[in-house]
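All figures in this text were calculated on a predicted structure; none of them were measured in a lab.
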Amino acid sequence: MRYQKPKGTADITPAESRKWQFVEQKAAEVFGTYDFQEIRTPIFESYDVFERSSGESSDVVSKEMYDFFDKGERHIALRPEGTAGVVRAYVENKLFGPEYVKPYKVYYHGPMFRYERPQSGRQRQFHQIGVEAFGASSPALDVEIIAMAEELLHQLQLHDLKLEINSLGDAATRQAYHEALVNYLTPLQDQLSADSQRRLTTNPLRILDSKDAHDQELVADAPSILDYLTPDSAAHFAAVKAGLAALGIDYTVNQTMVRGLDYYTDTIFEIMVSAPAFNNTEMTVIAGGRYDGLVQEFGGPDEPGIGFGIGLERLLLLLDETKLGLAAPGLDFYLVKAGDNLDSTALQILNAIRHAGFRADQDYLDRKVKGQFKNATRLNSRFVITLGDSELASGQVPVKDLASGEQVSVSLSAIQTDFNKVYQDLMQQFGGKA
RNA sequence: GCGGUAUUGGUGAAGUGGUUAACACACCGGUUUGUGGCACCGGCACACGUGGGUUCGAUCCCCACAUACCGCCCCA
């Protein structure tokens with residue numbers, strides 16, 4: 001093989017892109033009902049944008065970022081996630097200004113880049129759909145964001161979802177809890193797995209969701225972050241739970257759920273699905289939460305924010321194509337040419353059909369008539385128009401309904417002058433099923 | 001970054017250290033000089049991921065690299 005795509009990338013061919021378009025369109029629809037609008041930000045940003053938002057301790061920044069210096073010696077990074085760029089744009093464009101209604105609600109979708117070891121549903125160039133809402137700290141917004149995420153999954157015919165929520169409180173909460181957790185785990189250090197011993201200094205919260213069985217036993221008795229919430233954070237979390245209950249959304253509180261990115265505050269949530277595509281293990285497809293200090297961190301006002309991201313590759317693995325009715329689009333008309341010197345007329349006929357808004361195609365490889373009919377079938381065409389010398393002479397062409405095999409005669413000139421009329425007549429003659 | 005498995009045509013794949021790399025599907029052509037099926041006939045791998053090595057000889061043995069998949073780390 002002469003050329004290969006770079007490791008961890010994928011070509012999305014038409015059979016696949018159909019699913020992508022469907023999901024993107026559904027997301028735009030569902031988000032639109034909550035009055036979210038699309039924002040498009042650059043795929044690369046200043047390296048600092050991501051360093052500032054994610055925190056140096058996170059592997060996403062320290063090890064997994066695609067960064068480089070451009071010809072002007074600017075330190076650039078390919079975006080590893082979507083939130084930082086949107087927050088940067090929010091601040092830079094002063095979208096927090098009084099002329100914009102708050103909360104300011106946007107969604108985005110596009111490629112993200114992380115230098116990781118590829119696995120199922122995980123690539124180096126991967127795609128996310130995400131939403132962000134700025135300028136409102138109401139727990140009702142948290143609830144609606146979560147409801148919106150679930151609604152999208154439902155629209156995609158995904159059920160058996162598992163929603164987990166937790167609260168990380170504010171900065172003071174996290175600092176106090178961080179300390180309490182380290183104090184609890186340090187005496188047990190020798191019993192922790194090697195990975196977790198390392199995490200004790202780098203990222204102790206991560207020990208909470210260690211996959212090691214013994215770690216999990218030790219962590220079971222660890223202090224809970226929920227006990228460290230300030231009264232405000234506790235009230236906020238209670239309101240979120242009440243809101244979810246009011247909407248009949250099932251959830252479980254998982255006090256060991258943490259985040260890889262440093263900017264989250266208060267409510268965080270994940271929606272998980274278990275599926276054969278993931279060896280029946282649970283896989284998070286949507287994750288999000290509040291990030292109340294981030295806008296200020298980027299030089300904007302002290303405004304809250306909340307959002308979530310959807311891992312599209314993972315999501316796509318779960319979709320049942322047949323359930324979604326995503327059949328390949330068929331042709332409306334296929335033009336069979338029987339004879340030579342028909343090209344000009346063929347072009348004119350196809351032109352008329354296409355301009356009327358129908359899908360039409362013809363043979364370009366000089367296939368025999370039989371071969372052309374086979375192609376019409378392969379292309380899932382509804383009708384076949386046959387053009388030959390006798391048709392040219394008579395001014396009438398046969399139009400065949402491939403499903404029934406019935407054939408009717410249509411005027412060549414009518415096709416070229418008013419194809420919509422021709423189509424209506426066809427519909428009537430073939431049973432009126434448009 | 002660590003560990004494991006894999007890599008043969010458009011596809012699914014069989015196979016052996018040695019003159020022509022099974023079989024099936026798909027595709028192309030013919031039997032049928034203008035109508036989609038079936039049947040029959042014929043065609044269809046610069047040769048077996050890339051580069052080295054062992055050997056008289058390697059697709060099959062060894063090494064390295066690349067990529068894919070699985071697990072860990074990390075994460076959506």
Side-chain angles (χ1 to χ4, degrees), chain A residues 1-10 54 57-65 80-83 109 111-130 149 193-196 198-199 202-203 206 209-212 257-261 268-273 277-279 281 283-289 307-318 334-340 342 363 365-391 397-407:
Chain A
M1 235 165 294
R2 195 82 184 84
Y3 295 108
Q4 291 180 304
K5 59 187 175 299
K7 182 171 182 157
T9 63
S54 303
S57 71
S58 82
D59 278 11
V60 170
V61 169
S62 58
K63 301 197 325 207
E64 300 181 351
M65 201 127 80
E81 51 93 30
T83 300
H109 67 90
M112 310 289 164
F113 304 84
R114 284 184 337 212
Y115 192 85
E116 294 187 287
R117 194 69 179 264
Q119 282 173 40
S120 176
R122 178 202 282 199
Q123 298 174 318
R124 291 185 170 181
Q125 174 174 338
F126 62 105
H127 298 76
Q128 287 188 339
I129 294 179
S193 67
D195 278 327
S196 288
R198 181 179 49 74
R199 283 188 276 235
T202 59
N203 198 349
R206 274 281 158 202
D209 62 359
S210 169
K211 283 173 186 149
D212 184 90
M257 181 166 68
V258 296
R259 269 297 117 84
L261 305 172
I268 59 173
F269 66 95
E270 294 189 11
I271 301 177
M272 286 163 283
V273 182
F278 303 141
N279 299 319
T281 58
M283 184 69 91
T284 299
V285 290
I286 295 187
F308 64 73
I310 305 175
L312 273 181
E313 277 78 4
R314 290 182 178 183
L315 180 62
L316 275 270
L317 286 174
L318 297 169
Y334 190 88
L335 181 66
V336 167
K337 290 166 293 185
D340 302 321
L342 299 166
D363 172 63
L365 301 179
D366 291 321
R367 276 181 264 257
K368 297 284 168 50
V369 168
K370 176 173 177 167
Q372 295 185 54
F373 265 86
K374 275 181 80 170
N375 262 356
T377 303
R378 287 174 71 189
L379 294 170
N380 197 19
S381 186
R382 172 145 194 215
F383 298 108
V384 170
I385 299 173
T386 305
L387 177 67
D389 293 330
S390 57
E391 285 79 12
V397 291
V399 177
K400 182 171 185 176
D401 181 341
L402 282 185
S404 67
E406 292 174 70
Q407 196 159 291

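For the C1' atoms, the distance from B:C75 to B:A22 is 46 Å, rounded to whole Å. The separation of B:C44 from B:U11, taken at their C1' atoms, amounts to 14 Å, rounded to a whole angstrom. Look at the P atom in both B:C70 and B:C60: the space between them is 27 Å, to the nearest Å. One C1' atom belongs to B:A58, the other to B:A26, and the distance between them is 31 Å to the nearest Å. Only the C1' atoms considered, B:C69 is 22 Å distant from B:A14, to the nearest whole Å. When the C1' atom is used for both B:C46 and B:G42, the distance is 23 Å, rounded to whole Å. One C1' atom belongs to B:U20, the other to B:U59, and the distance between them is 16 Å to the nearest Å. Atom C1' of B:A24 sits at a distance of 29 Å from the matching atom of B:U35, rounded to the whole Å.
In a base pair of the Watson-Crick type (N1 to N3 plus N6-O4 or O6-N4) or a G-U wobble (N1-O2 and O6-N3), with each distance short of 3.5 Å, B:C2 is matched with B:G71. When both pairing distances are held under 3.5 Å, B:C40 makes a Watson-Crick or G-U pair with B:G30. Of the nucleotides present, none pairs with B:U19 by Watson-Crick or G-U wobble criteria with both distances under 3.5 Å. A 3.5 Å limit on both hydrogen-bonding distances identifies B:G10 as the Watson-Crick or G-U partner of B:C25. Pairing of B:C61, defined by two Watson-Crick or G-U wobble distances under 3.5 Å, is identified with B:G53.
Side chain of A:Ser193 to backbone of A:Asp212: no donor-acceptor contact under 3.5 angstrom is found. Using modelled atom types, no side-chain atom of A:Ser210 and backbone atom of A:Arg206 make a donor-acceptor pair closer than 3.5 Å. A donor-acceptor contact shorter than 3.5 Å links the side chain of A:Arg314 to the backbone of A:Thr284. Not one N or O on the side chain of A:Arg114 forms a donor-acceptor pair closer than 3.5 Å with the backbone of A:Arg124. Checked by atom type and distance alone, the side chain of A:Gln372 pairs as donor or acceptor with a backbone atom of A:Arg367 at under 3.5 Å. A donor-acceptor pair under 3.5 Å is formed between the side chain of A:Glu313 and the backbone N or O of A:His127.
The residue A:Gly8 sits close only to the backbone: its heavy atoms come under 4.0 Å of sugar-phosphate atoms, none of a base. Across all strands, A:Arg122 comes closer than 4.0 Å to base atoms (heavy-atom distances). Using a 4.0 Å heavy-atom distance criterion, A:Phe308 is classed as making no nucleic acid contact. Among the atoms of the strands shown, only primed sugar atoms or phosphate atoms (P, OP1, OP2) are found under 4.0 Å from some heavy atom of A:Ala287.
Side-chain atoms of A:Glu116 come within donor-acceptor range of the base of B:A76, with a qualifying N/O pair under 3.5 Å. For B:A76, its base sits under 3.5 Å from the side chain of A:Arg114 at one donor and acceptor pair at least.
When A:Val397, A:Ile385, A:Asp363 are each tested for a side chain to side chain contact (heavy atoms under 4.5 Å, CB included) with A:Leu335, only one passes: A:Ile385.
Counting all heavy atoms, side chain and backbone alike, A:Leu342 lies closest to A:Asp389 at CD2-OD1, 4.0 Å. Of all non-hydrogen atoms in A:Met257 and A:Phe269, the two that sit nearest each other are CE-CA, 3.7 Å.
Among the nucleotides B:C73, B:A76, B:A66, the one closest to the side chain of A:Arg198 is B:C73. Side chain of A:Asp195, nearest nucleotide from B:C73, B:A76, B:G1: B:C73.
Residue A:Met257 contributes atom CE, which lies 17 Å from atom P of B:C74 at whole-angstrom precision. If you take CZ of A:Arg378 and P of B:A26, they are 10 Å apart, rounded to a whole angstrom. Between A:Gln119 atom CD and B:G3 atom C1' there is a gap of 12 Å when expressed in whole angstrom units. Taking atom CG of residue A:Asn375 and atom P of nucleotide B:A26, one finds them 15 Å apart after rounding to whole Å. Note: CD (A:Gln4) to P (B:C65) measures 15 Å, nearest angstrom. Computed from coordinates, the A:Gln123 CD to B:C69 C1' distance equals 12 Å when rounded to whole Å. Between the P atom of B:C72 and the CD atom of A:Glu64 lies a distance of 15 Å, rounded to the nearest Å. To the nearest angstrom, P of B:C75 lies 12 Å from CZ of A:Phe126.
Each of A:Gly311 and A:Pro6 lies near RNA chain B, and the nucleotide nearest A:Pro6 is the one positioned closer to the 5' end. Mapping A:Ile310 and A:Thr9 onto RNA chain B by nearest heavy atom places A:Thr9 at the nucleotide closer to the 5' end.
Side-chain nitrogen and oxygen atoms of A:Arg206 include at least one within less than 4.0 Å of the OP1 or OP2 phosphate oxygen of B:C75. Taking side-chain N and O atoms only, A:Arg199 has no distance below 4.0 Å to OP1 or OP2 of B:C72. For B:G71, neither phosphate oxygen OP1 nor OP2 lies less than 4.0 angstrom from any side-chain nitrogen or oxygen of A:Arg117.
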Quiz item: Once each nucleotide of nucleotides 31-44 of chain B is scored for protein heavy atoms under 4.0 Å, what B/S/- sequence comes out, 5' to 3'?
Solution: B--BBBS-------

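Residues A:Met112 and A:Pro80 form no side-chain contact, since every pair of their non-hydrogen atoms from C-beta on lies 4.5 Å or further apart.
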